[in-house]
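Okay, so here's the structure we're looking at.
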Amino acid sequence: MNNLGKYLVAGACIASLTFSAGALLKVNAAEAPSVAMAGQPVDLTYAAEKALPAVVHIKYVQNSKTKTVEIDGNDPFDFFDPFGFFGNPNQGQKQRRQVQTPKQEATGSGVIISTDGYIVTNNHVVNGADELTVTLNDNREFSARIIGTDPQTDLALIKIDGKNLPTLPIGNSDALKVGEWVIAVGNPYNLSSTVTAGIVSAKARGLGGGGNGPQISSFIQTDAAINPGNSGGALVNTKGELVGINAMLYSQTGSYSGYGFAIPTTIMNKVVDDIKKYGSVQRVMLGVQGGDLLNKINADKESGKNIDYGTNEGVYIAKVDEDGNGAEAGIEAGDVVIKFDGKKITKMSELQEALNDKRPGDKATITYIHKKKHVTRTITLKNAQGNTKVIEAADLDVLGGNFRVITEQQKQDLKINYGVQVTKVNNGALKNAGISRGFIIQKVNDEPVKSIDQLQKLVKVASTSKDPVLYVQGIWPTGKKAYFAVPLQED
């Protein structure tokens, strides 16, 4: 969830509320689309008929789990001596207790994109699920498995076992025009098969992604009603083509108030293809930091400056990494990027969307203004690790070891609360780093390791990062603490 003074809600959200005018909506545009003449109604029934069978309801279940929590020894809720009248032998000491977390359930939506059961949805709809149940428009139910997720775009690919399933044709979101009619299809508030209508309010909308939310900033903005319960649903044009995956709403209350946001199919296609081919999304990094030039111009004005950048549109570059693609192209701080691969760039979100479509090793042209002169260079795009190799998410196998969660007796003996012990070491990253059998891993990259699943996730994240290294903290069975750097790639 992003906070923009109001709320961006992305917790199983999308589409609801109907227009009182019904399905026939008047178009009063200077240049109407081919589906309707100016002043004549647009019939959205065809788009709805195409979309409804391919949009599914997703039920998320996270089972109850037992967790060990640490409390103070002078717990005021101690059953035998709540007020400490008799003295507490554990005064000032930490105690461990096991608690049962409640079972969690949520719902969302998804879109079938292939007849054999591949479904696109949002990452936040499936993240952390122990069970996923998919219900089709005809009420058939399937168990689903996660093929891959991409938190940066808030997209996920899941799969059900089926044949000849209804699908939604994938359209080109780049061809969308502001003012064009679209429908949002999904399951808001657990209301199945809901269709709402609106227009494309804006394209390449930047929301300043950050924190734990999606990192992309190039959304389709629509006023088709979007509400909690329909994340992962379909944004569909009048031709009945999928043009976006609904992701979040902009609201003061958590309910629809006029603005919703969808992830364009141009981004979705790349994410889905990469997950299928490589298991993770292949990204390029330009190696620059900056923002919309307009924001820089406005900041200059507020501070009494009046700088001529040679343009009023583009991406202002504030910093350039010395070993990145930007430096290779000759870009310097203070320059303004105005084109990427021949496509006009007026703001950062458009540059991000253009980069999202590329893979390491691709060549691209970039045009920028340097000291009021236009410069165009061709570069070979690199990944976050500074090369053109395919980055595959590593499995635990890369460590070359076997693991188990430590026992309660080990916790007591070593006075620790959690950890994963190395029970066997083969050839691999652990052996190369000097970690041997018996070592207890407690933290990886400053994150606590309480289960083998957590260790697996941390290995995957690190393996695709700019610095593919595990910084491991832990303790030997003797009680001696140790720290290791474990590279996940061979030099």
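What's counted below: heavy atoms across the whole structure, side chains too, no hydrogens, waters or symmetry copies.
- Put simply, the side chain of E131 never gets that close to the backbone of A129: no donor and acceptor are under 3.5 Å apart.
- A salt bridge links D300 to K296: at least one charged side-chain nitrogen sits closer than 4.0 Å to a carboxylate oxygen.
- For the 3.5 Å distance criterion, the side chains of Q473 and D446 qualify, holding a donor opposite an acceptor.
- In terms of modelled atom types and a separation under 3.5 Å, the side chain of S109 and the main chain of N187 share a donor-acceptor contact.
- Within a 6.0 Å radius of CG in N312, no more than 12 heavy atoms belonging to other residues, nucleotides or ligands are found.
- We find the CD1-CD distance between I199 and Q221 to be 9.5 Å, quoted to the nearest 0.5 Å.
- Remark: side-chain polar atoms of T194 are not paired, donor with acceptor, to backbone N or O of P188 under 3.5 angstrom.
- Between R283 and D150 a salt bridge is recorded (basic side-chain N to carboxylate O distance below 4.0 Å).
- Under 4.0 Å is where a charged nitrogen must lie from a carboxylate oxygen, and between D341 and K343 no such pair does.
- The pair K203-D174 does not meet the salt-bridge criterion, since no charged nitrogen lies less than 4.0 angstrom from a carboxylate oxygen.
- At least one donor-acceptor pair closer than 3.5 Å links the side chain of Q456 to the backbone N or O of L396.
- Inspection of the K363 and T380 side chains reveals an N or O donor paired with an N or O acceptor under 3.5 Å.
- Formation of a donor-acceptor pair under 3.5 Å by the Q62 side chain with backbone atoms of G128 is found in this model.
- Among L235, V120, L155, the one residue that satisfies the side chain to side chain contact (heavy atoms under 4.5 Å, CB included) test with I263 is L155.
- Screening V315, V336, I366 for a side chain to side chain contact (heavy atoms under 4.5 Å, CB included) involving I345 leaves a single residue, V315.
- One distance of note links CD1 of I338 with OG1 of T367; it measures 6.0 Å at 0.5 Å rounding.
- Judged by distance alone, the side chain of N237 and the main-chain N or O of K239 form a donor-acceptor pair under 3.5 Å.
- Atom NZ of K358 is surrounded by more than 12 heavy atoms from other residues, nucleotides or ligands within 6.0 Å.
- Other residues, nucleotides and ligands place no more than 12 heavy atoms under 6.0 Å from the CG atom of N306.
- Looking only at distances, no side-chain donor or acceptor of T107 sits under 3.5 Å from a matching main-chain atom of K59.
- Judged by distance alone, the side chain of N383 and the main-chain N or O of Q385 form a donor-acceptor pair under 3.5 Å.
- A distance of 7.0 Å separates CG of L52 from CD1 of I183, quoted to the nearest 0.5 Å.
- Environment of NZ in K276: crowded, with over 12 heavy atoms of neighbouring residues, nucleotides or ligands closer than 6.0 Å.
- A donor atom on one side chain and an acceptor atom on the other are found under 3.5 Å apart for E353 and T266.
- Here the side chain of N246 pairs a donor or acceptor atom with the backbone of A234 at under 3.5 angstrom.
- Remark: the S451 side chain and the D453 side chain contain no N/O donor-acceptor pair separated by less than 3.5 Å.
- Of the inter-residue distances, the one linking Y368 atom OH with T376 atom OG1 reads 8.5 Å to the nearest 0.5 angstrom.
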Could you walk me through whether E328 and K382 pass salt bridge (charged side-chain N to carboxylate O under 4.0 Å, His left out), step by step?
CA-CA 11 Å; E328 181 185 334; K382 301 175 184 177; 3.7 Å; yes
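- Here OG of S349 is found 6.5 Å from CG of D292. Values are rounded to the nearest 0.5 Å.
- Rounded to the nearest 0.5 angstrom, H374 NE2 and I369 CD1 are separated by 4.0 Å.
- With salt bridges taken as basic N to acidic carboxylate O contacts below 4.0 Å, one links D274 and R359.
- Within 6.0 Å of CG on N164 lie no more than 12 heavy atoms contributed by other residues, nucleotides or ligands.
- Side-chain atoms of N123 do not come within 3.5 Å of backbone N or O of T153 as any donor-acceptor pair.
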